[in-house]
Amino acid sequence: MQRLTCVMIFITIFFTVRTVPLHAAQIEPAFDVHGPTVVAFFPPETQSDMSHGETDAALDDFQFYAERSNALLTKAGVDFHEVFAHSFRLRFGTKTTTFHPQKVAVGYYLVAPGKKPCVRYGVMTDTDLLQVADKYFGLVLK
């Protein structure tokens with residue numbers, strides 16, 4: 001009986017922990033925009049999605065380059081957010097807008113107060129993203 005109880009507890013914990021990221025990803029994240037901002041977006045993935053090698057490789061590349069980009073953009077005064085959701089909201093003071101990717105579910109949303117947003121789809125290297133950010137924001141990267 002004690003062994004059965006332990007197995008049931010393990011199964012309950014396993015399935016609860018395994019579904020928490022998916023549940024959390026379903027909540028539409030929101031970001032306050034006070035200055036230059038980049039939101040790197042990737043759709044939430046399920047275990048079946050991850051069984052496809054291309055999705056897994058794209059996610060690995062996305063996270064690798066996002067981490068490198070984050071450090072460099074933050075140093076240049078750009079807010080950087082990485083989000084795993086089908087959409088997200090941006091707040092500009094009292095105004096809020098929602099972004100839903102149209103072409104591909106992965107990409108980068110660049111925006112600054114008073115500027116029209118710039119959206120680039122697909123996984124970009126840190127070098128490519130920095131070039132786009134430099135052109136859009138007029139950064140002086142060190």
Does Val123 offer a backbone N or O that forms a donor-acceptor pair with the side chain of Tyr65 under 3.5 Å? no
Would you check if Phe62 and Glu82 make a side-chain contact, meaning some heavy-atom pair closer than 4.5 Å? yes
The salt bridge (Lys or Arg N to Asp or Glu O under 4.0 Å) partners of Asp79 (sequence neighbours excluded) come to none
Is there a side-chain contact between Val39 and Phe80 in this structure, where contact means two heavy atoms from C-beta onward sitting under 4.5 Å apart? no
From Arg120 CZ over to Leu110 CG, what is the distance, rounded to the nearest 0.5 angstrom? 8.0 Å
Tightest non-hydrogen contact, residues Pro101 and Ser87, listed as CD-CA, 4.5 Å
Decide side chain to side chain contact (heavy atoms under 4.5 Å, CB included) for Phe42 and Gln63; before the verdict, give the C-alpha distance in whole Å, the side-chain angles of both, and the deciding distance to 0.1 Å. CA-CA 9 Å; Phe42 200 98; Gln63 290 178 312; over 6 Å; no
Can you spot which of Val38, Leu129, Asp128, Thr74 makes a side chain to side chain contact (heavy atoms under 4.5 Å, CB included) with Ser69? Leu129
Closest non-hydrogen atoms of Pro43 and His86, given as atom of the first, atom of the second and distance, are CB-CE1, 4.0 Å
Between the CG atom in Leu130 and the NZ atom in Lys135, the distance rounded to the nearest 0.5 Å is 15.0 Å
Is there a side-chain contact between Val78 and Thr37 in this structure, where contact means two heavy atoms from C-beta onward sitting under 4.5 Å apart? no
Which heavy atom of Pro36 sits nearest to which heavy atom of Ala112, and what is that distance? CA-CB, 4.1 Å
Minimal heavy-atom distance between Leu139 and Asp134, with the atoms involved, is O-OD1, 2.5 Å
Whether Thr127 side chain and Thr125 backbone form a donor-acceptor pair below 3.5 Å: no
Is the distance between the ring centroids of Phe41 and Phe84 under 6.0 Å? no
Take Val119 and Phe99 through the side chain to side chain contact (heavy atoms under 4.5 Å, CB included) test and state the conclusion after the steps. CA-CA 10 Å; Val119 180; Phe99 175 72; 3.9 Å; yes
If you apply the rule side chain to side chain contact (heavy atoms under 4.5 Å, CB included), what do you find for Tyr121 with Tyr108, and how did you get there? CA-CA 6 Å; Tyr121 289 98; Tyr108 306 86; over 6 Å; no
Do Phe31 and Val83 have side chains that approach each other closer than 4.5 Å (heavy atoms only, starting at C-beta)? yes
In short, Tyr109 meets Leu90 closest at the heavy-atom pair CE2-CD1, 3.2 Å
Could you check if a side-chain atom of Asp126 sits within less than 4.5 angstrom of a side-chain atom of Phe64, using non-hydrogen atoms only? no
Who pairs with Thr97 by side chain to side chain donor-acceptor pair (under 3.5 Å), at least two apart in sequence or on another chain? none
Ignoring hydrogens and geometry, is there a side-chain-to-backbone donor-acceptor pair from Lys115 to Tyr136 under 3.5 Å? yes
Residues in side chain to side chain contact (heavy atoms under 4.5 Å, CB included) with Arg89, at least two apart? Glu28, Ala30, Arg91, Thr96, Thr98
Nearest non-hydrogen partners of Cys118 and Val132, listed with the distance: SG-CG1, 4.3 Å
